[in-house]
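Have a look at the structure below, then the notes.
Below, chain A is the first sequence line, B the second, and so on; all start at residue 1.
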Number of protein chains: 2
Amino acid sequence: MKVTIKDIAKRAGVSHPTVSRCLNNSPLVSEETRKRVRQIAAEMHYVPNQNARGLCSNRTDTIGVIVPFCQVSETSLFLDELLQQIRVMLGKNQMDCIVAYDGSRQEQENHALRLVRQGKVDGLLIASSTMSRETVTALEEEGVPSIFYHLVPAWAEEETSTLWVHHDNYRGGFLAGEYLASLGHRRLACVTVAHYAGEKEFTDRLAGFQAGLQIHGSSVAKSHVLTLKELTWEAGKQLAGKVAGLLKETSGVFFHADQAALGFIKGLQEQGLVIPRDYSVMGYDDIREGFMTSPELTTIHQPREAISTLAASMLMERLKGGKLQASQQTLNPTLVVRKSCCTHG
Amino acid sequence: MKVTIKDIAKRAGVSHPTVSRCLNNSPLVSEETRKRVRQIAAEMHYVPNQNARGLCSNRTDTIGVIVPFCQVSETSLFLDELLQQIRVMLGKNQMDCIVAYDGSRQEQENHALRLVRQGKVDGLLIASSTMSRETVTALEEEGVPSIFYHLVPAWAEEETSTLWVHHDNYRGGFLAGEYLASLGHRRLACVTVAHYAGEKEFTDRLAGFQAGLQIHGSSVAKSHVLTLKELTWEAGKQLAGKVAGLLKETSGVFFHADQAALGFIKGLQEQGLVIPRDYSVMGYDDIREGFMTSPELTTIHQPREAISTLAASMLMERLKGGKLQASQQTLNPTLVVRKSCCTHG
DNA sequence: CTGTTAGCGCCTTCAG
DNA sequence: CTGAAGGCGCTAACAG
């Protein structure tokens with residue numbers, strides 16, 4: 001039924017290994033037979049069986065992408081964008097991709113390790129700040145390269161052997177602080193997320209924010225750092241109804257995620273406040289929705305195209321056996337000034 | 001290095017086929033050896049090699065999902081949500097999933113067929129209204145079940161052998177028309193997308209819309225049916241600047257996608273119009289952003305949870321060899337009344 | 001440059 | 001109920 005290299009071999013009058021060589025562009029065949037065999041293969045609509053190939057060569061032409069499990073698709077918008085870019089990049093390299101959820105938080109199945117041990121993937125792109133060192137060590141023992149992107153465990157940032165691409169959260173926070181302070185804000189709030197062990201991106205943002213404010217002699221009071229369970233739109237909106245005091249004590253807020261900032265703005269608007277006249281709101285991430293609403297959101301742009309593209313190309317390079325120029329990359333965020341913050345005082 | 005069933009066999013003092021039987025819960029082994037062998041396998045952290053398994057049993061425990069290629073991630077928001085739900089469903093069934101792009105429009109590679117012929121997937125979930133009958137026939141010849149979800153080719157709706165799950169676009173349009181007319185609107189506009197061969201979802205929506213209006217003795221003039229190249233936010237916003245005449249001749253509009261409707265509202269607002277007081281805008285899809293903006297968008301809800309969940313479970317059922325109750329399902333949309341439309345006249 | 005031989009890890013016959 | 005043998009489709013190691 002299905003056409004195999006043996007069928008091609010018969011038709012071409014050569015042995016199957018020769019066919020294999022032709023198809024894989026081995027230099028060990030004459031240009032002539034190579035062309036002829038490939039011609040025949042094309043005519044017969046030959047498609048190599050990936051399982052057979054994977055079994056003997058350990059190459060599957062598939063890579064695994066591990067993302068955090070998000071019940072609410074809201075929080076995964078950003079990750080979806082990265083995913084899409086990754087998929088396009090991999091497609092250009094004739095690679096498929098299997099997306100699986102990171103189980104490191106829920107103590108569920110370890111899909112990263114499973115995919116590798118099952119021999120389903122050649123490499124891994126991982127967005128997780130909670131993956132354990134043990135898992136990565138196990139991954140390395142299997143001889144499968146993996147690269148962290150976007151979300152990087154704190155321990156991985158220290159180890160020179162770990163590969164990762166993310167952006168400078170400290171600098172992002174700094175840009176936000178420096179900008180808000182430059183507008184004249186002196187008493188600001190900050191809304192972040194309850195963090196788990198090993199995640200330092202949000203603490204970095206806060207530290208950077210403080211540093212940015214300090215340039216203008218300002219700072220955030222501890223009591224003005226709020227923590228949400230999730231940085232979702234709903235959470236942001238709800239928060240707006242419970243911070244009457246905060247609104248009087250501060251003139252603006254820095255949210256660690258656009259989604260929550262947008263919900264917050266909506267909440268304030270429903271109370272009759274005018275943004276930014278009455279209160280300045282700054283976000284983080286630069287999601288698409290940021291300019292759909294009114295006022296358009298001032299925020300920090302994460303270099304998402306670069307993060308996903310770089311991560312994918314690094315992995316491709318590793319799989320080709322090439323050495324990487326840089327194995328750990330911290331990209332720079334940029335300030336995006338729109339309409340949700342204004343001068344104060 | 002890697003532990004195989006032979007290793008387990010040695011440790012357990014049985015032959016490897018026996019180990020295989022134990023692991024696959026074959027009834028041909030005694031309960032006792034089954035337990036013992038499984039125990040040992042667990043201790044040795046055995047993970048079956050999927051390539052080997054796939055090679056001889058033609059089961060990969062992976063399914064392929066084919067989605068239209070969207071350069072702009074904006075348009076894929078809806079599909080991303082469906083995808084996420086599918087992934088969760090498949091995960092519950094211990095299945096991985098490979099997402100690939102539909103090449104039927106760009107005459108690119110036919111990933112659906114490739115994945116199947118490569119033996120990378122056990123089944124296919126396809127969101128495409130442009131896939132050819134030939135491709136599906138070829139798929140069937142390979143013995144791999146496939147199910148269309150959300151986007152279904154017009155030809156497939158006719159053939160009883162094709163499996164699909166989508167929703168009733170005609171009824172969605174009808175609900176919109178009936179509602180707007182009931183609010184007193186008599187002169188309405190409709191914004192749709194340039195459609196390609198084989199796609200009838202949008203013509204269905206328009207036909208339903210007309211039918212809904214007719215109940216109240218109204219209709220849409222041909223000149224008031226506008227066509228955009230893409231139903232994106234930007235396109236909707238741009239449109240708002242070019243329809244001064246339309247705004248005078250009509251009192252409201254029905255967009256065939258929320259994204260474009262939201263952009264349109266934003267565009268009108270920037271001209272100083274107040275929605276819905278000055279003009280009513282209705283969307284379609286019920287995307288999340290619909291209630292993030294002001295005014296919150298009145299729209300038609302597509303039963304997306306049901307579509308993706310049903311499609312996935314139908315495929316699982318088929319793979320288990322079960323017969324399907326219903327192989328073609330048209331689900332019902334619902335009207336979501338929010339704040340972007342008001343009474344007129 | 002090409003053909004022969006072997007084997008990847010597993011499942012599926014077949015004997016016993 | 002269990003073991004022995006064979007083969008899935010392909011690539012890799014040798015010969016020639």
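- With C/dC11, D/dT2, C/dT5 as the candidates, the nucleotide lying closest to the side chain of B/Ser30 is D/dT2.
- Side-chain nitrogen and oxygen atoms of A/Thr33 include at least one within less than 4.0 Å of the OP1 or OP2 phosphate oxygen of C/dT2.
- One finds no salt bridge joining A/Asp96 and A/Lys120 here, because no Lys/Arg side-chain nitrogen approaches an Asp/Glu carboxylate oxygen to under 4.0 Å.
- Proximity note for A/Leu28 (side chain, C-beta onward) versus C/dC10, C/dT2, D/dT11: the nearest is C/dT2.
- Rounded to an integer number of Å, the gap from B/His16 NE2 to D/dT2 C1' is 12 Å.
- Each of C/dG9, C/dT5, C/dT2 was ranked by its minimum atom distance to the side chain of B/Leu55; first place goes to C/dG9.
- One interatomic measurement links the two molecules: CG of A/Leu23 to P of D/dC10, which rounds to 9 Å at whole-angstrom precision.
- Contact check, A/Tyr46 against D/dC10: a side-chain N or O comes under 4.0 Å of OP1 or OP2.
- For A/Arg21 and B/Thr4, each mapped to the nucleotide of DNA chain C holding its nearest heavy atom, the one lying further toward the 5' end belongs to A/Arg21.
- An OP1 or OP2 oxygen of C/dT2 is reached within less than 4.0 angstrom by no side-chain nitrogen or oxygen of A/Thr18.
- Contact between the side-chain N/O atoms of B/Ser15 and the OP1/OP2 oxygens of D/dA4 is not found at any separation under 4.0 Å.
- Close to D/dT11, at under 4.0 Å from its OP1 or OP2, lies a side-chain N or O of A/Arg53.
- Atom C1' of nucleotide D/dA4 and atom NZ of B/Lys6 are separated by 12 Å, given to the nearest angstrom.
- Sequence order on DNA chain D of the closest nucleotides to B/Ala52 and B/Arg34 puts B/Arg34 first from the 5' end.
- Out of D/dT2, D/dC10, C/dC10, the shortest distance to the side chain of A/Ile5 is found at D/dC10.
- Rounded to a whole Å, the CZ atom of B/Arg117 is 20 Å from the P atom of D/dC8.
- The distance from atom CG of B/Asn49 to atom P of C/dC11 is 10 Å, rounded to the nearest whole Å.
- Rounded to whole angstrom, the span from the CZ atom of A/Arg36 across to the C1' atom of C/dC1 amounts to 14 Å.
- B/Asn24 comes within 4.0 angstrom of the backbone, heavy atoms only, and of no base.
- Distance alone, capped at 3.5 Å, is enough to place a donor-acceptor pair between the B/Asp122 side chain and the B/Asp61 backbone.
- At a cut-off of 3.5 Å, with distance as the only test, a side-chain donor of B/Asn110 or B/Thr135 sits close to an acceptor on the other residue.
- A donor atom on one side chain and an acceptor atom on the other are not found under 3.5 Å apart for B/Arg117 and A/Asn49.
- Residue A/Ser57 has no polar side-chain atom (N or O) positioned under 4.0 Å from OP1 or OP2 of D/dT11.
- D/dC10 atom C1' lies 10 Å from atom CD of A/Gln50, rounded to whole Å.
- The separation between B/Asn51 atom CG and C/dC11 atom P is 13 Å, rounded to whole Å.
- For B/Cys56, taking side-chain heavy atoms from C-beta onward, the closest of the listed nucleotides C/dG9, D/dG9, C/dT2 is C/dG9.
- Residues A/Val144 and A/Leu139 fail the side-chain proximity criterion, which asks for heavy atoms closer than 4.5 Å.
- With hydrogens and angles disregarded, a donor-acceptor distance shorter than 3.5 Å links the side chain of A/Thr62 to the backbone of A/Thr60.
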